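Letters go in sequence order (proteins before strands), and every chain restarts at 1. Just so you know, these numbers use all the heavy atoms, side chains as well, and skip hydrogens, waters and symmetry mates. Nothing here was measured: the structure is a model prediction, and the numbers come from that model.
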Amino acid sequence: MKTPIELISQRITDAIQKVTGQNIPAIVTAATDPRFGDYQSNSALSLAKQLKTNPRQLAEKIIANLQIEDVCQTPEIAGAGFINLRLKPEFIKNYLTEIKNDTENFGIEKSETSKTVVVDFSGPNIAKQMHVGHLRSTIIGDCICRMLSQAGWNVIPQNHIGDWGTQFGMLIAYFKLEWPYVDEDYSQVEINDLEQFYKSAKQRFDNDENFVAVAHQQVRRLHQSDPITMEQWKNIVDESRKHYQPIYETLGINLTVKDERGESFYRDKLADVVNDLKKVELAVESEGAICVFPEGFKTKEGNPMPFIIQKTDGAFLYATTDLAALRFRINELKANEIIYVTDARQKQHFEMLFKVAEMAGWVKDTKLVHVTFGSVLGEDGKPLKTRSGENIKLKELLDEAVKRAKQVVEQKNPELADSEKDSIARAVGIGAVKYADYSNNRTSDYIFSFDKMLAMDGNTAPYMQYAYARVKSIGRKGQEKGIDTAKELKGLKEIFINEPAEFELAKQLIRYSEAFSTAIADFKPNFLTAYLYDLAGKFSAFYNACPVLDAEPKTRASRLLLCNLTAQIIRHGLENLLGIKIIDRM
RNA sequence: GCGCCCGUAGCUCAGCUGGAUAGAGCAACGGAUUUCUAAUCCGUAGGUCACAGGUUCGAAUCCUGUCGGGCGUACCA
C-alpha cells in the first residue's frame with residue numbers, strides 16, 4: 001500500500017503533467033509547521049524556475065488540475081507558491097482501517113521481492129573477545145538486514161569472521177608447547193584464556209627464535225590442511241563462537257553459524273584472485289609486492305596508490321580476501337547488491353576494492369555499497385577505552401547496562417517478582433544501548449553515556465518501552481473492568497475520532513511507512529527512532545487528554561483501536577526492525 | 001602535503017536531494033495528578049547553524065576559501 005506521501009505525490013505529478021505536459025515527479029514533504037497543514041509541496045517553486053514562470057500562478061494551475069478531494073481538503077497556496085495540504089478526516093480513518101487489517105506490515109510495501117542482497121557485518125576476530133568496536137557494525141548491520149527483509153529482499157547476511165592467518169599457527173604452537181592438555185579437551189578453554197594465550201604466544205614469538213620456527217611449521221600445516229592441525233584450529237573457532245554467539249543472542253542479532261563465511265572460507269581462492277588479476281594485467285609487481293593500482297588514488301608522495309594483494313613474502317592480505325569474497329558473492333550468491341557495514345575509517349579501502357573489482361570486470365550489475373559509521377566515544381570525547389587504554393569488552397559493557405537498568409527497576413517497581421525485574425532489566429538495559437546507537441546519526445561519532453541512554457525522558461529505549469507498557473496496561477485494566485478489548489476492536493464498524501490529540505496520534509500512525517521509506521533509503525535507523533519517539537510522544541499526549549476505558553462506548557472502541565495500533569507499531573518498529581525487546585509491564 | 005568526515009542552544013544531538021519563524025532531550029524556571037503506570041504531560045527561557053565570500057526569489061543545507069577537530073594515506077584488519 002502506498003504511503004500518504006506517495007499517494008499525494010502521484011496526484012500532484014499527474015497535475016503537473018496536465019499543466020506542463022512533462023512527467024516531473026512532485027516534491028511532497030511533511031508540513032514544516034502544523035499551521036501549513038499536514039503535507040506540503042514545493043514543486044511549483046522549483047518548477048517555476050525551470051519554466052521561467054511565476055511560481056504562484058503555476059501553483060494555482062497545478063491545483064486547478066489536481067484531483068485529490070478523496071485525500072485532502074481544498075489545497076491552499078501560501079507564500080511564494082507553497083501548496084499546503086490537509087488530510088481529510090475520512091481519509092485518515094480509511095487509512096487507519098487499512099493499516100489495522102495489514103497486521104504484518106502496517107502499510108509498508110514489500111516492493112523488492114526477487115532481489116538478493118548480501119550484507120557483510122559484525123565480523124568478530126577469532127580467539128579475541130568482542131569489544132565496543134564491534135557494537136555498531138553488529139547492530140547497524142542487523143538493522144539493515146531487518147529493514148531489507150521487511151522491504152521484501154532476499155537477504156543473505158555474511159559474518160566475515162577473522163578466523164584465518166598466521167596468528168592461528170602461533171596459537172596452536174603455543175598450546176603444543178605450554179598447554180598440551182588443551183589439545184585433549186578444548187571445552188576447558190574459555191575466550192579469556194584464548195585471549196591470554198594469544199598475548200603470551202605473541203610475546204614468545206617476538207622473543208624466542210625456536211618458537212618462531214615451531215609456529216611457522218604450524219602455519220605451514222594449516223596451509224596444507226593437515227588434519228590434526230585443522231582440528232585444533234577448528235576447536236579454537238568453536239570455542240570462540242561460544243563466546244560471541246551468546247552476545248548475538250543477548251543483543252537480539254539474527255546471526256548464526258550458517259551466516260559465517262570467514263577468512264578461512266576464501267583461503268583457497270586467494271591465489272586465483274591474484275592470478276586472474278595478473279592475467280588481465282591489472283596486478284603488477286611493485287617494490288616486491290603484487291599490487292593493483294586503481295584509478296584515482298594517490299599516496300602521500302603523489303604516486304599512484306597500490307591496492308596490495310600479495311606481500312613480498314608471498315602472503316595474502318585482507319584486500320585479497322575481500323576481492324575473493326566479493327567475487328563469490330556476485331558469482332555464487334548471485335547478489336544484486338552487496339552492503340558492507342564497517343566504520344568510516346575503512347572508506348578508502350572499500351573505494352579501492354570496488355574500483356579494482358570494477359576494473360577487473362567482476363561487478364557486472366551488482367551494486368556495491370559501503371555503509372559507514374562513526375566511533376563510539378567516552379565522556380571525554382575520545383574513543384571509548386578502559387582507564388588502562390584497552391578496548392572495553394562488549395560483554396562487560398552490556399552486563400553493566402543491564403545492571404544499571406536493574407537498579408532503576410528496583411527503585412521504580414520494588415513490588416515486582418525478581419524474575420520479572422530481571423527480564424525487564426535485560427530488555428531495558430540492552431535496548432538502551434542499542435537504541436542510543438540507532439538514534440544517533442549513523443555517520444557521526446557519538447558519546448556513550450549510560451545515564452543518558454537509560455533516562456526515562458527523551459528519545460531513549462526506556463521511554464519507548466514505557467509507552468508500550470502503558471498501552472498494555474490499558475488492556476489489563478480493561479479486562480479487570482470486564483471490557484474485552486479484542487472483541488471491541490473486532491466489533492468496530494466505524495472509526496469515531498474527534499479530539500485533536502486523537503487526530504494527531506492517528507496522523508502519526510498512518511505515517512509509519514513513510515518513516516520506513518526514509519530510514520531504508522540511506523540505511524539510517526535514526527529516522528525510525530525519531531518516528532517512534534514522535535509516536536510515543538503523541539500517544540502520551542493522547543493518553544493524558546483522552547480517557548479510553550471510561551469513554552462513551554462508541555468513542556471507546558475507536559480509542560482502543562488507536563491504542564492497539566500504537567502498541568502494534570511500536571512493537572513492530574522496536575522488535576522487528578530494531579531488534580529491541582518490548583515489555584508488557586515495567 | 002593530498003584525500004575523506006565533522007563544526008547547529010550551556011551539554012548531548014536531530015534536521016542537510018535548498019523552501020515559510022532552525023527542532024528535540026538534558027540542565028534551568030513555571031504549571032498540570034479525585035482519572036487507564038507521573039518512568040507522564042503542558043508551558044517559559046535559551047541560536048551570528050565555526051568564519052568569510054559566492055550561486056539563488058530563497059542557504060544550516062549547494063560551491064569556493066579560511067580557521068578548528070577527527071580519520072586515512074605501500075606490504076595490519
Quick one: stems for RNA chain B, with Watson-Crick or G-U pairs under 3.5 Å, at least three in a row? B:1-7 with B:67-73, B:10-13 with B:23-26, B:28-32 with B:40-44, B:50-54 with B:62-66
Considering only heavy side-chain atoms of A/Ile447, the closest of B/U12, B/A39, B/U21 is B/U12
Pairs where residues 287-310 of chain A contributes a residue and the test salt bridge (Lys or Arg N to Asp or Glu O under 4.0 Å) is met, not counting sequence neighbours: A/Glu295-A/Lys355
Has A/Phe82 got its ring stacked on the base of B/G19, with centres under 5.5 Å and planes less than 30° apart? no
If the P atom of B/C13 is compared with that of B/A45, how far apart are they to the nearest Å? 26 Å
Heavy-atom protein contacts under 4.0 Å, nucleotides 25-34 of chain B, coded B base, S sugar-phosphate only, - none: SS--------
Would you say the base of B/A39 stacks on A/Tyr463 (centre-to-centre below 5.5 Å, plane angle below 30°)? no
List, with names and distances, any nitrogen or oxygen atoms from the protein found under 3.5 Å away from nitrogen or oxygen atoms belonging to nucleotides 61-63 of chain B.
none

For A/Asp550 and A/Lys481: C-alpha separation, side-chain torsions, deciding distance, then whether salt bridge (charged side-chain N to carboxylate O under 4.0 Å, His left out) applies. CA-CA 10 Å; A/Asp550 295 336; A/Lys481 291 186 174 186; 3.0 Å; yes
B/A14 OP1/OP2 closer than 4.0 Å to side-chain N/O of A/Ser444: yes
Of residues 420-430 of chain A, the positions that come close to RNA chain B - non-hydrogen atoms, cut-off under 4.0 Å: none
Under 3.5 Å, is there a donor on one side chain and an acceptor on the other for A/Tyr244 and A/His134? no
Is any side-chain N or O of A/Asn526 closer than 4.0 Å to OP1 or OP2 of B/G15? yes
I'd like to know if A/Arg136 and A/Asp343 make a salt bridge, using a cut-off of under 4.0 Å between side-chain N and carboxylate O. no
Shorter than 3.5 Å, N or O on both sides, protein versus nucleotides 72-77 of chain B: list them out with atom names.
from: B/G72; atom 1: O2'; to: A/Gln348; atom 2: NE2; distance (Å): 3.3
from: B/A74; atom 1: N6; to: A/Ser286; atom 2: OG; distance (Å): 3.3
from: B/A74; atom 1: N6; to: A/Glu287; atom 2: OE2; distance (Å): 3.2
from: B/A74; atom 1: N1; to: A/Ser286; atom 2: OG; distance (Å): 2.7
from: B/C75; atom 1: O2; to: A/Thr312; atom 2: N; distance (Å): 3.0
from: B/C75; atom 1: O2; to: A/Thr312; atom 2: OG1; distance (Å): 3.4
from: B/C75; atom 1: N3; to: A/Thr312; atom 2: OG1; distance (Å): 2.7
from: B/C75; atom 1: N4; to: A/Glu287; atom 2: O; distance (Å): 2.6
from: B/C76; atom 1: OP2; to: A/Lys311; atom 2: NZ; distance (Å): 2.5
from: B/A77; atom 1: OP2; to: A/Tyr318; atom 2: N; distance (Å): 3.3
from: B/A77; atom 1: O3'; to: A/Glu263; atom 2: OE2; distance (Å): 2.8
from: B/A77; atom 1: N7; to: A/Tyr318; atom 2: OH; distance (Å): 3.3
from: B/A77; atom 1: N6; to: A/Tyr318; atom 2: OH; distance (Å): 2.7
from: B/A77; atom 1: N1; to: A/Tyr318; atom 2: OH; distance (Å): 3.4

Of the candidates B/A39, B/C36, B/U56, the side chain of A/Tyr466 sits closest to B/A39
